[in-house]
Protein chains: 2
Amino acid sequence: MAARASSKTSESSDKVSVICRALRRAIIEQALEPGAKLPEDALGERFGVSRTIARHALGQLAAEGLVELRRNRIAVVATPSWQEARDAFDIRIELERLVVRQLAGKLTKAQIAELNAHVDAEDRARGGTDAVSIRLATEFHILLAHMTNSPILVRYISEVAYRCCLTLSLYSRPHSSECAINEHRAIIAALAKGDAAKVMELMHHHLDSVANRALVAPTPQRGRDLLDILAPYADEVTSDRVVKLSKIARRG
Amino acid sequence: MAARASSKTSESSDKVSVICRALRRAIIEQALEPGAKLPEDALGERFGVSRTIARHALGQLAAEGLVELRRNRIAVVATPSWQEARDAFDIRIELERLVVRQLAGKLTKAQIAELNAHVDAEDRARGGTDAVSIRLATEFHILLAHMTNSPILVRYISEVAYRCCLTLSLYSRPHSSECAINEHRAIIAALAKGDAAKVMELMHHHLDSVANRALVAPTPQRGRDLLDILAPYADEVTSDRVVKLSKIARRG
DNA sequence: GGCGCTCCAAATGCATGCAGTTTGATGTCC
DNA sequence: GGACATCAAACTGCATGCATTTGGAGCGCC
């Protein structure tokens, strides 16, 4: 399956696609945090296009689950629930097991070199920001998916991986990417060796550990609550009284 | 996992969404065959909306893989390659195994009754057209996915199942739905019994046999007038601007 | 201070208009 | 007859304009 006619599925150079890519990257790098407003006007102005185009782009991103769109409301960056995050990881595990099953023992030397080069890049980026590390780690998985030459698989893996990125920014503590990198190397080695069962197990464990490390279950109602989020800002309140819950709770 | 807060992911009542649903159904029922042209003008006229809306709907369907969109070209119903068909089935098998794994032993009596009722409906529809049989069979799987209460899973299963529908119309000969119905009943029984391994095996075999039965020689397609084809689907669109069939010039 | 009300700037939902590209039908030449 | 140049109709890409809806500032009342 590793030698298959390559099919062009990637986005063309529409203005819509360009904006989609830009927004997608901004979201997964957490430049745009979950809940951030995305007014059509502002996007259009920022990217030098009309509202029509910005609107269309938002529609696409909503289809990917990165943006939430409610009628007559300003679009916002999606804020997946903890349960949705788990669901996304569950799906991702199955799909990525499929990927490595298809690839085991079928990679060319050039492809293995490409994978190693990517992990090297991840290594070099360890000193940088978490956002970049996470993005590179995610792109490693997408690179793997590409090697199956299955456009559908690429699309689903990309989408679900981006969603996982999004949830990491919500529910994860500072990212320790070191072991992830080692696990990536182990996966490449097992792929090269052609041990399908082994590499499926490795991938499963890899994603499962990322998920478990990341998705520290918030206590159902209090974790990552608005009050916690606003705690650092409480200092700015001149009054010594606690800010009323009712005033905050209706933030859309 | 079977008892989880239900989350509203389904499409709202935008005009865009309405048109998406209509077109999606027309495609999976093979009223619109793969390769059929979908000019924005004609769609807008047929559904009583502007080109802007029709265009947006086409964009969504393209994101789902049901429509192919090339710059400056008329949109067409997607014509998946044989390989893409296999890929779609591979992915579907993994995802649906995940579904039944989550559901095994966790269904309520009401849910089991609902599933049985659906299969009864499939049974009754055996006398009807293949298109309806295939749609009902597909909807059985989507119904299962819904019971996981995982919106992401529902979306992916729906999408990939629709794509499979599409490929069935391309590569499959008249559908013998009898065994599929029996297999659906067996799956329900195993789910109720709570035997996860068994039901995963059943689902795997079920989808695999459908896929293998499907992969035969492609069938040539006959051109029909788009507006005629869409007539029954336009009725569901509530707009006084829907143009009467007789008043519309023919198009190719 | 808290709660409800009115009203308006801002944002969305959608249609329409114009410019540029593709299509394919026609005419011309070999 | 068939290959090729030509051109108008058809279609898409995109911006803009108007109607409708939202959300929140301001204000009076408890």
Side-chain angles (χ1 to χ4, degrees), chain A residues 11-23 32 35-63 67-77 237-252, chain B residues 11-23 35-63 67-77 223 225-227 230 237-243 248-252:
Chain A
E11 288 170 327
S12 38
S13 57
D14 282 47
K15 296 193 177 185
V16 172
S17 308
V18 172
I19 296 179
C20 272
R21 270 194 293 271
L23 284 180
L32 289 170
K37 291 181 181 177
L38 302 168
E40 299 173 358
D41 292 327
L43 292 179
E45 207 177 351
R46 184 73 186 77
F47 291 106
V49 298
S50 77
R51 266 197 329 117
T52 306
I53 304 305
R55 178 185 184 71
H56 202 95
L58 287 174
Q60 297 296 309
L61 293 174
V67 159
E68 278 167 13
L69 226 45
R70 275 159 41 192
R71 188 180 172 86
N72 283 322
R73 300 266 161 75
I74 301 180
V76 296
V77 176
V237 180
T238 54
S239 161
D240 48 8
R241 293 202 52 178
V242 179
V243 179
K244 292 295 180 295
L245 182 62
S246 61
K247 193 86 173 179
I248 312 171
R250 53 201 208 78
R251 193 195 70 151
Chain B
E11 290 172 324
S12 39
S13 58
D14 285 32
K15 295 192 178 185
V16 172
S17 308
V18 172
I19 296 179
C20 272
R21 271 194 292 271
L23 283 179
K37 292 181 180 176
L38 303 169
E40 298 172 356
D41 293 330
L43 291 179
E45 221 176 342
R46 165 47 87 195
F47 290 110
V49 299
S50 77
R51 254 187 350 107
T52 306
I53 305 306
R55 178 184 184 73
H56 203 98
L58 287 174
Q60 297 296 309
L61 293 174
V67 160
E68 278 166 13
L69 227 44
R70 274 162 33 192
R71 188 178 173 87
N72 283 321
R73 299 267 160 74
I74 301 180
V76 296
V77 176
D225 189 293
L226 171 67
L227 298 170
L230 287 181
V237 181
T238 58
S239 165
D240 48 284
R241 296 189 63 249
V242 173
V243 178
I248 304 175
R250 309 201 114 229
R251 295 163 208 263

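Labels below follow one simple rule: chain letters A, B, ... track the order of the sequence lines, proteins then strands, and each chain is numbered from 1.
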Inset, instruction - Would you kindly give the CD1-to-P distance between B:Ile53 and C:dG13, to the nearest whole Å? - result: 9 Å
Inset, instruction - Could you grab the distance from atom CG of A:Leu69 to atom CD1 of A:Ile74, nearest 0.5 Å is fine? - result: 11.5 Å
Legend entry - Atom pair distance, as rounded to whole Å: CG in A:Asp41 and P in D:dA15: 13 Å
Inset, instruction - Taking all non-hydrogen atoms of both residues into account, name the closest pair between A:Cys20 and A:Ala57 and its distance. - result: SG-O, 3.6 Å
Inset, instruction - Applying side chain to side chain contact (heavy atoms under 4.5 Å, CB included), name anything that partners A:Ala36, two or more places apart in sequence or on another chain. - result: A:Leu32, A:Val77
Inset, instruction - Check whether any side-chain heavy atom of A:Arg55 lies under 4.5 Å from a side-chain heavy atom of A:Leu58, and answer yes or no. - result: no
Legend entry - Rounded distance (Å) that lies between atom C1' of C:dC14 and atom CG of B:Asp14: 11 Å
Inset, instruction - Decide yes or no for B:Val76 and B:Leu38: does some side-chain heavy atom of the first lie under 4.5 Å from some side-chain heavy atom of the second? - result: no
Legend entry - A:Glu68: partners by side-chain hydrogen bond (donor to acceptor under 3.5 Å, both in side chains), with sequence neighbours left out: none
Would you tabulate the pairs of protein nitrogen or oxygen atoms and nucleotide nitrogen or oxygen atoms of nucleotides 16-18 of chain D closer than 3.5 angstrom?
unit_1	atom_1	unit_2	atom_2	d
D:dT16	O4	A:Thr52	OG1	2.9
D:dG17	O6	A:Arg51	NH2	3.2

Inset, instruction - Measure from the side chain of A:Pro39, starting at C-beta and using heavy atoms only, and say which of C:dA15, D:dC11, C:dT12 lies closest. - result: C:dT12
Inset, instruction - Taking side chain to side chain contact (heavy atoms under 4.5 Å, CB included) as the test, write out the residues that go with B:Ala54, two or more places apart. - result: B:Leu43
Protein N or O to nucleotides 20-24 of chain C N or O, pairs below 3.5 Å:
unit_1	atom_1	unit_2	atom_2	d
C:dT21	O3'	B:Asn72	ND2	3.4
C:dT22	O3'	B:Arg73	NE	3.1
C:dT23	OP1	B:Arg73	NE	3.0

Legend entry - Separation of D:dC14 P from B:Leu69 CG (nearest whole Å): 11 Å
Inset, instruction - Take the protein atom NE2 of B:His56 and the nucleotide atom P of D:dG13, then report the distance between them rounded to whole Å. - result: 14 Å
Inset, instruction - Could I get the full list of side chain to side chain contact (heavy atoms under 4.5 Å, CB included) partners for B:Ile53, not counting sequence neighbours? - result: B:Lys15, B:Val16, B:Ile19, B:Val49, B:Ser50
Legend entry - Distance in Å, A:Asp14 CG paired with A:Gln60 CD, rounded so as to fall on 0.5 Å steps: 9.5 Å
Legend entry - Spacing between A:Glu45 atom CD and C:dA10 atom P, to the nearest angstrom: 12 Å
Inset, instruction - Could you tell me the separation between the CG atom of A:Leu43 and the C1' atom of C:dA10, rounded to a whole number of Å? - result: 15 Å
Inset, instruction - Would you mind reading off the distance between A:Phe47 atom CZ and D:dC14 atom P, rounded to a whole angstrom? - result: 15 Å
